[in-house]
Amino acid sequence: MEYDFRSIEKHWQEVWSQKKSYQVKEAKDKPKFYALDMFPYPSGAGLHVGHPLGYIASDVISRYKRHCGFNVLHPMGFDSFGLPAEQYAIATGQHPAITTETNISRYRNQMKQIGFSFDWSREVMTSDPTYYRWTQWIFGKLFESWYDVESGGAQPLQTLIDAFEKNGNYAIEAACDEGWWKNLDLELFPHFGKHFEGDFTATDWKSMSPKAKNAVLMQFRLAYLADSEVNWCPELGTVLANDEVKDGLSERGGHPVERKRMRQWMMRITAYSDRLVDGLDDLNWTESIKEAQKNWVGRSEGASVSFQGSGQASGCTVDVFTTRPDTLYGVSFVVLAPEHKLVNAFTSDEKLGEVNQYVLTASKKSERERQGEKSISGVELGGHVVHPLTGNNIPVYISDYVLAGYGTGAIMAVPSGDERDWKFAKYFKIDIPSIFQGHDSDAAVSSDEKAVLQNSEELNGLRKLEAIPKALNLLESTGCGERKINYRLRDAVFSRQRYWGEPFPICYENDIPRLIENETVTLPAVDEYLPTAGGEPPLARARREDWPVFQGDRMETNTMPGWAGSSWYFLRYMDPHNETEFCAREKSDYWGQVDLYVGGAEHTTGHLLYSRFWTKFLFDLDKISFDEPFKTMINQGMILGRSSFVYRVQGTSTFVTYEQREAHKTQRLHVDVSLVENDKLNIAGFKSWRAEFEHAEFITCPDGTYTCGHEVEKMSKSKYNVQTPDELVEKYGADTLRCYEMFLGPLTQSKPWDTQGISGVHNFLRKFSKLVVGSENCEASKPELKIVHKTIEKVTSDLERHAFNTVVSALMIAVNDLNNLKSVKSHVGLRPLVTLLSPYAPHLAEELWKVVGGMGLVIDSAWPKAEKSHLVEDEVSYPVSFNGKVRFKLTLPASTNKVEVESIVLADERTLQQLNGKEIKKVIVVPGRIVNIVS
RNA sequence: GCCCGGAUGGUGGAAUUGGUAGACACGUCAGACUUAAAAUCUGAUGGCCGUAAGGCCGUGCGGGUUCAAUUCCCGCUCCGGGUACCA
């Protein structure tokens with residue numbers, strides 16, 4: 001029989017679909033298993049070969065678990081809000097919902113071809129109002145909640161209001177910004193004096209106006225409005241990601257970009273900092289991802305230290321955070337971020353121009369550019385602060401390398417102990433106090449953690465660990481500082497000035513935001529998907545009557561970010577059609593945490609942190625019974641594309657072949673990989689590819705061919721290196737594609753995509769098919785059973801440790817070994833092998849299951865067990881090595897013990913030959929493994 | 001810059017707990033079949049020296065620990081990912 005994969009795959013996909021084989025329901029009699037995939041964004045380029053990689057892996061596990069008797073939830077859906085659809089809408093005027101729908105159906109069809117065991121009846125998409133009404137509902141809950149530090153969880157806002165009514169804010173500790181009262185507009189609080197420091201009584205509270213109460217509550221809500229710094233591009237009328245800013249200009253269009261403070265919705269994720277770190281302990285994630293999340297939260301213990309301004313700046317206090325209070329005596333200057341509120345106060349008149357210039361320049365750099373900056377820059381402000389312990393006057397600077405958003409936006413510089421501070425001091429010729437014994441601070445920075453302090457008064461003679469507590473006590477007793485825990489984590493900006501995202505269920509009445517409950521605020525129609533002339537978000541184009549729901553004086557016109565919908569989708573899959581709840585409690589209790597999440601490591605600090613945050617929040621509200629979403633996670637590597645390039649001679653439409661490009665001034669352009677075979681360009685195809693190349697001329701190789709350059713890089717539409725799975729499915733079948741993607745290498749490693757090896761895998765399936773079809777209804781032979789059971793053991797243990805690639809090799813070896821047996825193979829002997837194949841090549845396995853006389857469908861067959869009796873090896877081949885180098889092999893009965901092995905080896909004439917008279921110093925025998933003779 | 005990964009033949013990779021480096025595939029070469037080609041099958045295939053037996057070298061680079069290191073430790077190089085509004 002020929003391996004007719006086309007009809008086999010079509011047939012079995014129809015059978016599964018008719019029998020609804022992959023639809024699941026809660027079943028109390030079976031253990032559950034929840035396998036989840038990364039939520040795909042349906043881009044216009046369609047699914048590329050990198051997408052299915054993770055999906056195939058999770059499908060293999062899902063099918064394996066099903067064979068093992070688990071009730072498996074394996075859903076798929078779409079993260080369908082996003083920028084590309086919006087940009088396409090801006091360019092063409094087409095509503096993003098239309099583009100999105102087209103893209104989704106393409107994705108869905110592509111996935112269906114591959115034969116995934118997804119329960120499609122559970123499909124969700126974030127841009128569907130029946131989905132995003134619940135995203136809005138969760139937002140509403142966050143808006144109506146505060147974080148009680150004492151009980152360590154979120155609480156309904158009403159409990160906070162009740163507390164304020166009773167005792168003001170005296171008996172309660174709510175998560176908030178440090179110095180939250182400084183965010184308030186004092187005009188709203190006429191009876192609070194200048195020295196208000198955040199304490200108010202019940203009477204104070206009751207006397208506040210509604211606006212004032214709103215302003216206070218806003219400081220404690222988990223979803224709240226606040227000013228935050230963004231990359232504002234006036235020309236485009238929009239905020240840009242750091243990604244979209246290059247050298248202070250927008251990537252798109254090259255317009256100037258500046259840092260600007262804007263009123264934005266924020267998420268108080270910082271309230272969960274400690275829980276986000278502690279929760280990692282129980283997760284089965286790679287250490288590197290856990291480490292990255294810990295670093296992202298960035299909990300550090302240290303001290304806050306106050307430096308009083310002197311001279312013109314007296315009355316001002318610069319607060320800094322330091323993890324090294326022990327080095328306090330080494331402080332010789334203070335650096336403020338260019339955006340720091342006190343910059344003006346410390347700037348002397350003669351420095352004003354220079355400072356303003358510097359602040360302006362800095363405002364044009366993105367945060368990342370500033371952190372990546374290698375050259376040292378800054379300005380001495382002219383003002384001074386007083387060293388809290390020595391009383392010395394020390395200068396104040398501003399510099400790029402201090403970020404406004406981290407800590408207090410100011411640092412105390414210890415040039416002898418910090419690399420950046422040291423370089424800065426050298427550059428500006430600032431004094432470098434030598435505080436480490438035996439170290440020349442003028443020559444280099446000290447990085448010795450165990451260095452002994454000197455010139456530090458009461459800290460002299462101590463090392464870091466002993467000095468820190470003493471320094472902290474000193475600070476606290478003199479009142480110029482205190483112990484403090486600082487976090488790198490910042491609250492997350494939750495507003496986007498975009499059209500294609502979830503609208504907020506928020507309207508404003510007298511400028512006070514009010515939650516719209518019990519109604520879904522759907523997106524209004526707009527005439528264009530661009531910001532308004534005044535720089536308002538696109539939704540501001542909607543007139544009152546355009547809004548399906550309009551309440552209050554005006555609607556919120558920002559939309560939610562991409563991560564809103566993807567922070568809880570795994571919950572919706574459990575109960576996707578529920579119209580009264582985001583997910584019924586009995587469903588989430590049944591399915592519980594995701595048992596296996598397969599996703600890319602590129603989500604480490606975004607999606608994975610936000611999902612954990614929302615899960616913990618829903619847990620606090622007792623809406624679900626677990627507070628971590630993903631129990632086990634595998635991070636798939638990226639499949640990279642192989643890009644091809646042509647070289648255009650600058651200013652001409654002549655293209656020079658790769659070999660001769662050095663002789664010209666050329667510009668390298670990406671060329672569609674479908675126009676290139678073995679690095680040779682299809683010249684005719686290239687000319688008709690794009691109008692601008694129609695009259696292209698070529699400087700070719702002597703044989704008239706044009707060689708392209710190549711590079712391995714990320715697969716993306718803009719690089720014209722996208723490979724879709726479609727043509728491979730067409731040419732080799734889904735089963736081959738599935739096996740090949742797994743065979744390519746370890747799932748977690750990134751690797752370039754290359755179809756060269758695919759024929760080998762296709763060949764394997766053909767040989768497998770031929771082997772089974774050629775088997776007979778007879779008894780299994782002993783060697784046959786041995787091969788099969790060895791394979792069962794290998795495949796099972798590889799699957800358990802998620803080594804997907806070696807499973808394919810193991811099956812290949814089994815087929816090769818069985819073919820080498822020459823004797824007749826039996827149905828009953830091969831039957832377990834067909835089940836082993838089924839997670840990888842389910843269509844072919846179904847077909848072969850019939851051949852070997854299996855009952856029902858192979859997908860429902862029980863996973864075979866390796867019988868120990870078939871696995872017994874009676875011989876062991878010992879490599880015998882001399883000083884670590886293997887010289888010969890010796891086959892011995894497996895029962896030979898250590899002493900016997902040693903004496904047999906020593907008696908072997910080859911041993912004597914190797915030794916050549918040398919004396920044996922030591923003999924190492926590892927039973928069943930190796931013999932090593934040291935001479 | 002900072003944080004996190006990775007590097008093994010011509011190529012993708014294997015070696016699970018420190019124990020035979022290169023399994024399994026691709027590619028290449030040779031052979032069989034064929035008038036020929038394709039397909040298929042068989043064999044060889046890390047490098048160097050050697051007719052062979054065999055020897056030396058070899059897991060990004062430089063050191064170290066060990067009877068034994070792709071595996072553990074120290075110091076580098078290069079590549080990839082993330083870096084808070086790409087998803």
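Letters A, B, ... mirror the listed sequences (proteins, then strands); counts begin at 1.
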| task | Using atom NZ of A/Lys770 as one end and atom C1' of B/A39 as the other, report the distance to the nearest whole Å. | result | 12 Å
| Can you say whether the rings of A/Phe804 and A/His802 are parallel (under 30°), tilted (30 to 60°) or perpendicular (over 60°)? | parallel
| Taking the six-membered ring for Trp, is the centroid-to-centroid distance between A/Trp296 and A/Tyr487 below 6.0 Å? | no
| Within the pair A/Arg490 and B/A84, is there a side-chain N or O less than 4.0 Å away from OP1 or OP2? | no
| Are a donor atom and an acceptor atom from the side chains of A/Asn635 and A/Thr748 found within less than 3.5 Å of each other? | no
| request: Could you check if the base of B/G9 is syn or anti? Syn means the glycosidic torsion is within 90 degrees of 0. | output: syn
| OP1, OP2 of B/C2 versus side-chain N and O of A/Arg420: anything below 4.0 Å? | no
| query | Relative to the 5' end of RNA chain B, which residue comes earlier, A/Leu744 or A/Val934, by the nucleotide with the nearest heavy atom? | reply | A/Leu744
| field | G-U wobble or Watson-Crick pairing nucleotide for B/U83 (cut-off 3.5 Å, both distances) | value | B/G1
| task | Check the distance between B/C24's P and A/Phe764's CZ and give it to me in whole angstrom. | result | 14 Å
| message | Between the base of B/C3 and the side chain of A/Glu291, is there a donor and acceptor pair under 3.5 angstrom? | response | no
| task | Measure from the side chain of A/Asp754, starting at C-beta and using heavy atoms only, and say which of B/A25, B/C85, B/U11 lies closest. | result | B/U11
| request: Side chain of A/Gln914 only, please: which of B/C85, B/G55, B/G81 is the nearest? | output: B/G55
| Aromatic ring proximity, centroids under 6.0 angstrom, A/Tyr740 and A/His762 | no
Please tabulate the protein-to-nucleotide N/O contacts below 3.5 Å involving nucleotides 14-21 of chain B, giving atom names and distances.
unit_1: B/A14; atom_1: OP1; unit_2: A/Asn805; atom_2: ND2; d: 2.7
unit_1: B/A15; atom_1: OP1; unit_2: A/Arg801; atom_2: NH2; d: 3.3
unit_1: B/U16; atom_1: O4; unit_2: A/Lys794; atom_2: NZ; d: 2.7
unit_1: B/U20; atom_1: O2; unit_2: A/Lys889; atom_2: NZ; d: 2.8

| task | Check the distance between B/U40's C1' and A/Arg766's CZ and give it to me in whole angstrom. | result | 8 Å
| request: May I ask you to verify if any side-chain N or O of A/Asn295 is less than 4.0 angstrom from the OP1 or OP2 atom of B/C2? | output: no
| query | Does A/Lys885 have a side-chain nitrogen or oxygen under 4.0 Å from the phosphate oxygens OP1 or OP2 of B/C57? | reply | yes
| request: Starting from C1' on B/G82, measure out to OH on A/Tyr610 and report it in whole angstrom. | output: 13 Å
| Nearest to side-chain heavy atoms of A/Glu602, which nucleotide of B/C26, B/C56, B/G81 | B/G81
| So which one's nearest nucleotide on RNA chain B is more toward 5', A/Asn820 or A/Pro561? | A/Asn820
| request: Compute the centroid of each ring, for A/Tyr41 and then for A/Phe78, and state whether the two points are separated by less than 6.0 Å. | output: no
| said: Out of the candidates A/Leu53, A/Ile639, A/Leu640, only one should pair with A/Trp753 under the side-chain contact (heavy atoms from CB on, under 4.5 Å) rule; please name it. | reply: A/Ile639
| request: Among the candidates B/A84, B/C24, B/C85, find the nucleotide nearest to the side-chain atoms of A/Asn242. | output: B/A84
| In the strands shown, is B/C78 matched to any nucleotide by a Watson-Crick or G-U wobble pair with both distances under 3.5 Å, and which? | B/G6
| message | Under the side-chain contact (heavy atoms from CB on, under 4.5 Å) test against A/Leu530, which residue among A/Leu236, A/Ile90, A/Thr238 passes? | response | A/Ile90
| note | Out of B/A25, B/U40, B/C85, minimum distance to the side chain of A/Gln264 belongs to B/C85
| For the side chain of A/Asn231 and the backbone of A/Val239, is there at least one donor-acceptor N/O pair under 3.5 Å apart? | no
